[in-house]
Amino acid sequence: MIFLQLFWTYIKIGLFGFGGGYAMLSLIQDEVVDKHGWISLQEFTDVVAISQMTPGPIGVNSATYIGYTAVHNAGYAAGLSICGSCIATFAVCLPSFILVLVISYYFNRFKQNRYVEAAFTGLRPASVGLIAAAALLLMNRGNFIDYKSFLIFGAAFILTWKFKLHPVLIIFLAGIGGLILYW
Amino acid sequence: MCWTLFLTFIRIGTFTIGGGYAMLPLIEREVVNRGWITKEDFIDLFAVAQSLPGIFAVNISIFLGYRLKGIRGSTVCALGAILPSFVIILAIALFFTQIQENVWVEKIFRGLRPAVVALIVVPCITAAQSAGLTWQTALIATAAALLIWLAGISPVYIIVVAATGGLICGLNKKKQ
């Protein structure tokens, strides 16, 4: 049952995930935290942090991690949990596969399609909203436990925004910051 | 050829830390410089891959694979691009559930969580700038964010409504 749910959920994420990895976050969060309760919001934040440090797209990372954890938390053995991982990762890529193969066929017509262009006049601003929602949803008491959290947030923001530090470096520094501040 | 494609995309998947767009320069270097595809074709593929739903890096791998070697090529490229992160995350998932409760790990993650939020706020501002928001489109963005954040509406509906709204407005404008 959980395998079917995972499959269907990640098909949806693959099919409606417009606007890149960050815009996808609120969609993933809505499905796996709010709707199914497979992981907590803190755990979800941790997955995003881990994704920033490891190679690969966030969509794949989250599918692999949550596919494993959801099945594991439902009380199954490691072998079946790995199956969950495979199913979620396969499902999130499946819509892409079908769409790309169809579009490759009609590529030149799709390239300057006025319907696609028109739809994007609405989708582009909406995906800015989706990214903002992902950030707002994670600004909760679980992730911001005291004033030190706000210090780390401020420092990370300035270092990324003004000094263009690489996300991997930010995560690394924030980890050290956490160790020192919460010693 | 398929084997070379597979290895190339494994390499691309392994060395791109920090999201799909970090893959781009690497993909470009690997496939354009080898002469597998022209620079113009690559830019076209990029634009179309971007307008499709799903994971951008996966989309572009499937496109390139299909262009080069048909369905087999697309399977091989997508597998190659996904495999490194799949293996690494699976290892972390197996391991992390056991160390999660560790005090030191918890301290590190207390520091990471607010930083992650900052790492999402920055691309949000960048996306807002590159979308060239007017007050109308800024209203759409704000409404989308608030509906998801406060009203708990599924992003799926937001996407469907935004695309439909864009279609209706965009096509009406062109007729005039």
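In what follows, chains are A, B, ... by sequence order, proteins preceding strands, each numbered from 1. Values below: every heavy atom of this structure, side chains too, minus hydrogens, waters and symmetry copies.
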Residues 154-161 of chain A: residues contacting chain B (heavy atom under 4.5 Å, by number): A:Ala156, A:Phe157, A:Thr160, A:Trp161
Of the backbone (N, CA, C, O) and the side chain (C-beta and beyond), which part of A:Ser149 lies under 4.5 Å from a heavy atom of chain B, both, or neither? both
If you tally heavy-atom pairs under 4.5 Å between each of B:Ser61, B:Ala144, B:Ala163 and chain A, the highest tally belongs to B:Ala163
Find the one option among A:Gly142, A:Ala134, A:Ser26 whose heavy-atom pairs under 4.5 Å with chain B are most numerous. A:Ser26
Identify which part of B:Thr164 has an atom lying under 4.5 Å from any heavy atom of chain A, answering side chain, backbone, both or neither. neither
So which residue, B:Val58, B:Leu90, B:Leu119, ends up with the most heavy-atom pairs under 4.5 Å with chain A? B:Leu119
Strictly less than 4.5 Å between heavy atoms, which residues of residues 40-49 of chain A line up against chain B? Please order them by number. A:Gln42, A:Glu43, A:Thr45, A:Asp46, A:Val48, A:Ala49
Evaluate the ring planes of A:Phe150 and A:Phe144, with Trp represented by its six-membered ring, and classify them as parallel (under 30°), tilted (30 to 60°) or perpendicular (over 60°). tilted
Side-chain donor or acceptor of B:Lys107 paired with backbone N/O of A:Tyr182 under 3.5 Å: yes
Would A:Ile152 and A:Leu179 show up in the same hydrophobic cluster when neighbours are defined by side-chain heavy atoms closer than 4.5 Å? no
Donor-acceptor pairs under 3.5 angstrom involving side-chain atoms of residues 145-159 of chain B: please list them, not counting sequence neighbours.
from     : atom 1 : to       : atom 2 : distance (Å)
B:Trp149 : NE1    : A:Leu136 : O      : 3.4
B:Ser154 : OG     : A:Asp30  : OD2    : 3.4
B:Ser154 : OG     : B:Val156 : N      : 3.2

So for A:Ile66, is it side chain, backbone, both, or neither that comes closer than 4.5 Å to the heavy atoms of chain B? neither
Given the options A:Ala174, A:Gly177, A:Ala78, which has more heavy-atom pairs under 4.5 Å with chain B than any of the others? A:Ala174
Heavy-atom cut-off 4.5 Å, strictly under: side chain, backbone, both or neither for A:Tyr68 against chain B? side chain
Specify which of B:Arg113, B:Arg110, B:Glu106 makes the most heavy-atom pairs with chain A at under 4.5 Å. B:Arg113
Heavy-atom cut-off 4.5 Å, strictly under: side chain, backbone, both or neither for B:Phe63 against chain A? both
Is it the backbone or the side chain of B:Leu112 that comes under 4.5 Å from a heavy atom of chain A, or both, or neither? both
Residues passing the side-chain hydrogen bond (donor to acceptor under 3.5 Å, both in side chains) test with A:Lys12, sequence neighbours excluded, are A:Glu31
Based on non-hydrogen pairs under 4.5 Å, which of B:Ile88, B:Leu94, B:Leu133, B:Thr142 is most in contact with chain A? B:Leu94
Residue from A:Thr121, A:Asn143, A:Ile176 scoring the most non-hydrogen pairs under 4.5 Å with chain B is A:Asn143
Is the closest side-chain heavy-atom distance between A:Phe7 and A:Phe90 below 4.5 Å? yes
